[in-house]
There are 2 protein chains.
Amino acid sequence: MDLADESGIESVTMRGLARRLGVEAASLYNHVAGKGDVLDGMVDVVVAAIDVPSGGVEWKEAMRRRAVSARGVFARHPWAAGLIDSRERSGSAGLSYADRVLGVLLAAGFPPRVAANAFMALDSYILGFERQRANLSLSDEAGTTDAARETLAAVPPGAFPSLVRVAEEYAAEPYDDEATFAFGLSLLLDGLQRLLEAAPG
Amino acid sequence: MDLADESGIESVTMRGLARRLGVEAASLYNHVAGKGDVLDGMVDVVVAAIDVPSGGVEWKEAMRRRAVSARGVFARHPWAAGLIDSRERSGSAGLSYADRVLGVLLAAGFPPRVAANAFMALDSYILGFERQRANLSLSDEAGTTDAARETLAAVPPGAFPSLVRVAEEYAAEPYDDEATFAFGLSLLLDGLQRLLEAAPG
DNA sequence: ACCTGAACACCGTTCAAGT
DNA sequence: ACCTGAACACCGTTCAAGT
């Protein structure tokens with residue numbers, strides 16, 4: 001994980017990892033089944049680091065904090081979101097995470113199937129948003145006005161009028177990642193709350 | 001793309017692609033800058049295939065159809081979602097796609113910044129859902145009751161009670177991918193509509 | 001203008017040989 | 001029990017040499 005943080009996930013090779021550990025690549029196979037095993041281990045650690053408040057916190061607040069916690073993890077480990085959704089779920093950390101999230105939703109009164117759907121919707125959004133952010137290069141907000149201006153300059157005149165209109169907005173005032181993330185999250189959470197109120201218990 | 005459809009994205013190597021074309025790997029470099037160029041091209045084609053209704057369709061219906069179209073593309077090309085969010089946006093297909101989606105939202109009356117937030121939220125969800133689905137192996141609904149039963153059998157007794165409760169539900173009646181996707185999508189779309197009604201024009 | 005063969009600097013993984 | 005060197009079957013990419 002240190003190696004990935006410092007040099008990027010693409011530098012996590014069996015040979016590179018071995019070098020960093022002062023050992024030969026072949027030696028790693030005495031401790032690990034293969035590269036997939038290493039990556040799954042990283043996913044496990046990272047998922048375990050997402051915390052889900054459970055006792056005495058209202059479900060909506062708990063889900064919001066879980067999202068914030070996940071985003072903190074992604075900020076510390078830029079490779080995490082991509083790795084999580086490039087590997088099939090397996091580790092026990094994933095099971096525990098799912099259990100805690102579902103626990104909050106069931107306790108709030110959502111029927112099991114609705115809780116599962118809500119879990120899927122929230123996680124799709126949280127992970128999807130991070131991936132989107134990463135490959136739109138929206139990482140540093142300071143640079144977004146410049147990026148918007150560059151986009152405007154690059155677009156052929158007359159083409160993509162709607163895109164241009166939106167880009168002008170961001171050329172004037174920078175993109176706010178926090179606010180954009182909160183926008184979608186609130187749509188989901190408010191919708192879930194309405195559902196709960198419509199059919200309580 | 002045929003190669004990826006038939007043998008998986010991991011079989012799309014410069015050497016493998018060349019073999020399929022009856023040519024040497026080195027020859028490809030006369031037509032393409034490198035492997036990244038090939039992958040970006042695939043993303044471009046795939047994004048261009050997502051259609052966004054524009055004329056005479058209500059915005060909500062247009063966004064729903066766009067989601068359905070995207071899911072159709074992902075069904076035809078299982079590697080597409082993963083590839084899209086592993087590469088930085090660049091191609092003109094992406095710009096055009098963004099322009100069309102933003103066009104629908106602006107025409108519906110959303111202010112530019114809200115339209116951008118809505119676009120981000122919807123796309124995060126659509127892509128995120130697909131990635132989630134792919135690595136939870138929820139591809140074939142027929143197998144989901146078995147999968148749920150296996151999960152139940154594998155979980156240590158007494159552990160993960162909430163997860164067990166939900167899994168029992170799916171062991172009894174299979175997971176419905178369509179319905180689950182629609183659940184989250186409706187939360188977002190209904191929330192957006194409420195926003196629009198609260199501050200019209 | 002395009003193709004090829006050969007090479008370079010990498011991968012992940014295996015396995016006999018060492019200690 | 002763990003490590004190593006060497007090998008195998010791959011990668012992406014470059015480049016001189018061909019046509």
Side-chain angles (χ1 to χ4, degrees), chain A residues 1-47 77-94 131 134-137, chain B residues 1-47 77-94 131 134-137:
Chain A
M1 289 174 60
D2 288 344
L3 179 58
D5 288 345
E6 290 162 25
S7 321
I9 189 71
E10 74 284 354
S11 72
V12 178
T13 63
M14 294 304 270
R15 291 170 131 105
L17 182 55
R19 197 177 320 119
R20 143 85 65 146
L21 297 172
V23 98
E24 294 301 315
S27 308
L28 299 176
Y29 291 82
N30 285 301
H31 302 94
V32 118
K35 189 179 179 181
D37 203 15
V38 174
L39 299 178
D40 286 340
M42 292 170 73
V43 168
D44 240 50
V45 172
V46 135
V47 169
H77 309 297
W79 43 268
L83 192 59
I84 287 173
D85 58 30
S86 75
R87 319 258 341 138
E88 295 208 348
R89 298 273 176 285
S90 55
S92 69
R131 303 295 293 131
N135 57 36
L136 292 172
S137 322
Chain B
M1 289 175 60
D2 288 344
L3 179 57
D5 287 346
E6 291 162 24
S7 320
I9 189 69
E10 75 283 354
S11 73
V12 179
T13 64
M14 295 303 270
R15 291 170 132 105
L17 181 55
R19 199 178 319 121
R20 142 86 65 149
L21 297 171
V23 98
E24 295 300 315
S27 310
L28 299 176
Y29 290 83
N30 285 300
H31 302 93
V32 117
K35 189 180 179 181
D37 204 16
V38 174
L39 298 178
D40 287 339
M42 293 171 72
V43 168
D44 240 49
V45 172
V46 134
V47 169
H77 309 298
W79 43 268
L83 193 59
I84 287 173
D85 57 30
S86 77
R87 319 260 337 140
E88 294 210 349
R89 299 275 174 283
S90 53
S92 69
R131 305 294 294 131
N135 56 35
L136 291 171
S137 322

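Quick note on labels: first sequence line is chain A, next is B, and so on, each numbered from 1. No hydrogens, no waters, no symmetry mates; every other heavy atom, side chains included, goes into these values.
Residues A:Glu6 and A:Arg20 are in side-chain contact: their nearest non-hydrogen atoms beyond the backbone lie under 4.5 Å apart. A:Glu10 has its side chain out of reach of A:Trp79: every pair of non-hydrogen atoms, C-beta onward, lies at least 4.5 Å apart. Side-chain contact check for A:Val38 versus A:Met14: some heavy-atom pair is nearer than 4.5 Å. Residues A:Leu28 and A:Leu21 have side chains in contact (heavy-atom distance under 4.5 Å, counting atoms from C-beta outward). The shortest distance between side-chain heavy atoms of A:His77 and A:Leu83 does not fall below 4.5 Å.
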Can you give the dot-bracket line for DNA chain D, using ( ) for pairs inside the strand, [ ] for pairs that cross earlier ones, | for pairs with another strand and . for unpaired bases, where Watson-Crick and G-U count if both distances are under 3.5 Å?
||.|||||...|||||.||
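Contact between B:Ser86 and A:Asn135 at its shortest, heavy atoms only, is N-ND2, 4.1 Å. Between A:Asp44 and A:Gly91, the shortest heavy-atom distance links the atoms OD1-CA, 3.0 Å. The shortest heavy-atom contact between B:Tyr29 and B:Gly34 is CE2-CA, 3.9 Å. A:Ser7 and A:Ser11 make their closest contact through CB-OG, 3.2 Å (heavy atoms, listed as atom of the first residue, atom of the second, distance).
The outermost nucleotides of DNA chain D lying under 4.0 Å from heavy atoms of chain B, listed 5' to 3', are D:dC11 to D:dC15.
Side-chain atoms of B:Arg89 come within 3.5 Å of backbone atoms of B:Ile84 as a donor-acceptor pair (strictly under, hydrogens ignored).
For the segment residues 34-46 of chain B, the set of residues with a heavy atom within less than 4.0 Å of an atom of DNA chain D comprises B:Gly34, B:Lys35, in numerical order.
Here B:Thr13 lies in heavy-atom contact (under 4.0 Å) with sugar-phosphate atoms only.
Map A:Arg15 and A:Leu28 each onto its nearest nucleotide of DNA chain D; the residue landing nearer the 5' end is A:Leu28.
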